[in-house]
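Below is one structure, written out as structure tokens; comments come after it.
In this text, all values refer to a predicted model and were calculated from it rather than measured experimentally.
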Amino acid sequence: MPERLYGIRHHGPGSARAVVAELARQRPSVLLIEGPPEADALVEWVRHADLEPPVALLGYAPDDPRRAAFWPFAVFSPEWQALKWAVAAEVPVRFFDLPFGFRLDKSDSPELRRPVDPIGELANAAGYDDPERWWEDVVEHRGMPAFEAIAEAMTAIRDDSPEDPDDLVREAYMRTVLREVRKTHDEIAVVCGAWHVPALTRKVTQKDDTDLLKGRKKGKVAFTWVPWTYGRLASWSGYGAGVRSPGWYHHLFTSADEVVPRWLVDAAGVLRAEGVPTSSAHVIEATRLAEALATLRGRPLAGLAEVTEAAEAVMCDAEPLRVELINKRLVVGERLGGVPDEMPAVPLAKDLAAQQRNVRLKPEALERALDLDLRRETDLKRSRLLHRLRVIGVPWGEPAASGRGSTGTFREEWKLRWQPEFAVRLVEGSMFGTTVAAAATVRLTRGAAEAETLAEVTGLVETCLLADLAEAYPPVLAALDARAALDADVGHLMAAIPALARTLRYGDVRKTDVAGLAAVTTSLLGRVCAGLPSAVGSLSDEAAKILRDRIDGVHAAIGLLDDEDARSRWLSTLESVAGRADLHGLLAGRLTRLMLDAGRLDAAEARRRLRLPLTVGTPPAHGAAWVEGFLAGGGLLLVHDDALLDLLDGWLADIPAGAFDAVLPLLRRTFGAFEAGERRAIGEKIAGGRSAGSDAGALGFDESRADLVLPTLSALLGREL
């Protein structure tokens with residue numbers, strides 16, 4: 001036979017090493033590799049020093065980039081090593097799988113859905129319960145290639161298994177290419193998945209293959225190289241399938257000797273970086289244990305299972321979190337590949353790469369925190385870039401909740417993590433513009449025009465500010481004005497105000513022009529003040545909770561505005577409805593608290609209003625809701641107001657036993673939200689009495705009960721107390 005078939009496991013380091021050895025030993029005149037033939041023009045990029053695996057071939061339809069697929073390669077992938085060898089040896093190389101263009105009308109990705117798992121079948125036949133462990137013993141730990149044995153095993157499995165129709169079509173195309181190449185070359189090497197080897201050696205006529213391929217329409221596609229990650233390789237379920245332990249396979253491929261000790265040294269480094277004391281003695285003992293486990297299990301060498309168990313027992317003290325850390329950092333790995341700057345790509349991707357260099361933000365596979373100070377020009381540019389990317393559907397950064405509990409206008413906290421599929425998102429986004437700013441502007445403008453609710457447009461206004469999209473601002477503001485004029489729902493109007501207030505408050509910090517927004521915000525607030533009295537009456541418990549949250553949102557937003565007239569109008573509106581008899585207890589309590597905090601009520605009047613729902617005859621549930629609304633946001637008021645605490649204490653004591661179970665959830669929700677120190681202070685005051693004259697009395701200290709433990713303490717300490 002004029003060709004030599006090297007059946008490999010995708011992403012198998014043993015296969016990769018064996019393929020290179022065989023290619024060097026039996027130098028072919030042409031090399032065929034399983035992969036999309038449309039990517040042949042990209043093979044020469046493999047010689048570029050900046051094309052660093054893990055990388056992937058990205059194929060997509062230019063007229064609909066959502067129809068895309070990836071072909072990932074790691075440094076230990078046999079296909080990658082074969083490509084590197086062929087380019088270095090000046091041997092012609094081409095991909096010979098079914099063209100991706102033929103699959104566009106069938107599936108968005110070339111996923112494998114074979115009726116059997118060949119590796120699993122072979123492992124079961126050999127008596128292994130873990131396919132990965134079987135593969136390590138049979139292939140990874142061997143010192144010689146096993147292509148003939150693997151081909152024989154795959155033939156046996158395929159003879160007894162149902163055929164996958166997609167595989168049959170792919171293999172018909174592969175055989176067609178082989179027939180063509182045989183006409184011009186005598187020494188042919190083929191690198192493909194071991195599953196396909198029996199099909200490529202099978203006697204099938206050219207007519208049969210032509211009939212299988214007949215009638216298929218080939219769509220237009222484009223290809224490029226994009227960075228990939230080991231984390232994505234571990235979870236990849238598409239073409240070529242993923243591997244559970246890419247970091248371990250990388251180690252197997254790149255470590256010439258002392259595989260186990262070197263791995264455990266790296267594991268010790270991971271633990272030390274997290275403050276876990278790990279010495280060389282730990283590494284030595286873990287190495288001995290891993291090798292002993294391999295011997296007991298009859299394995300030729302210690303594999304991932306043995307080194308993991310040894311590390312867990314010796315280095316991690318059986319602590320699951322430490323084992324998980326090693327798994328994340330080493331077994332899976334956090335490696336992100338790279339591609340040359342001059343790699344063919346859509347203009348949007350090139351613009352992003354230029355901006356990443358400008359603001360000194362490098363894409364990384366590992367999640368990391370980014371703390372920005374918007375007073376610094378570089379940090380402000382970073383913030384705008386991250387917000388613009390979120391607009392076009394590339395959430396490289398996710399806003400993080402502030403760890404300082406601060407609402408300062410100059411700070412932003414992000415969590416950054418680059419995902420390989422963002423490459424497809426950039427291709428999709430290129431239909432909106434050739435730069436990040438242009439694409440985000442078009443997306444925002446279209447979003448405002450298509451928005452169906454006021455809240456949707458309000459969010460876009462804030463996004464305009466955060467992303468500094470000045471050209472999108474006028475049409476978005478016009479859409480906001482139009483939606484606000486048509487929306488008569490007070491709840492919707494209230495939900496829109498907080499984002500607008502934040503935009504007005506922080507515009508100066510971001511150097512963004514917010515002219516015209518103040519008038520819209522003032523108009524919305526006026527309509528809310530006019531409509532709130534009719535919206536607060538006769539509400540269910542759920543509706544009252546929603547309205548309470550919206551009132552809190554508007555109240556906080558008013559505090560951000562430098563507008564005393566707006567604040568006075570809002571407080572007057574709340575004051576006018578706070579005393580209504582038909583008000584739900586949750587709202588009545590909340591409005592009373594807001595009036596008290598704003599200085600519109602004194603403490604005596606607040607206590608009088610609280611006393612009304614807590615009187616005998618009022619349903620306990622109504623009183624509990626009133627208390628929940630009044631105390632929401634903190635319990636310091638009870639710590640400093642003894643009369644108010646007495647009132648609540650007495651009411652709680654007088655709740656009938658039959659009604660207590662009904663109000664308990666409300667009470668737990670109210671008091672459970674207090675800070676631990678607040679709860680402790682309230683408990684101490686209740687336990688010791690607020691008029692007690694000594695610290696001991698305040699703590700409820702009972703000397704006679706304390707004396708009972710003295711004999712036992714004396715015996716334990718060996719001295720008289």
(message) Strictly distance-based, threshold 3.5 Å: is any side-chain N or O of E306 a donor or acceptor partner for the main-chain N or O of G303?
(response) yes

(request) Could you tell me whether the side chain of E38 and the main chain of F100 form a donor-acceptor pair under 3.5 Å? (result) yes

(request) Spell out, as yes or no, whether a donor-acceptor pair under 3.5 Å connects the side chain of D317 to the backbone of E319. (result) no

(message) Working to the nearest 0.5 angstrom, can you tell me the gap between E34 CD and E79 CD?
(response) 6.5 Å

(request) Would you please say whether a donor-acceptor pair under 3.5 Å links the side chains of Q206 and R179? (result) no

(request) Kindly write out the residues that satisfy salt bridge (charged side-chain N to carboxylate O under 4.0 Å, His left out) with K214, not counting sequence neighbours, or none if the list is empty. (result) D211

(request) Sequence neighbours left out, what passes side chain to side chain contact (heavy atoms under 4.5 Å, CB included) with A172? Give chain and number order. (result) R175, D209, L212, L213

(message) Checking the side chain of R322 only, and the main-chain atoms of V276 only, is there a donor and an acceptor separated by less than 3.5 Å?
(response) no

(message) With a 3.5 Å distance limit and no angle check, can you tell me whether R417 reaches the backbone of L366 through a side-chain donor-acceptor pair?
(response) no

(request) Starting at CZ of R17, measure out to CD of Q81 and round the result to the nearest 0.5 Å. (result) 9.5 Å

(request) Could you tell me the separation between the CG atom of L51 and the CH2 atom of W225, rounded to the nearest 0.5 Å? (result) 6.0 Å

(message) For S279, is there any backbone N or O sitting under 3.5 Å from a side-chain donor or acceptor partner on H282?
(response) yes

(request) Using distance alone, with no hydrogens and no angle criterion, decide if S77 and H11 have a side-chain donor and acceptor under 3.5 Å apart. (result) yes

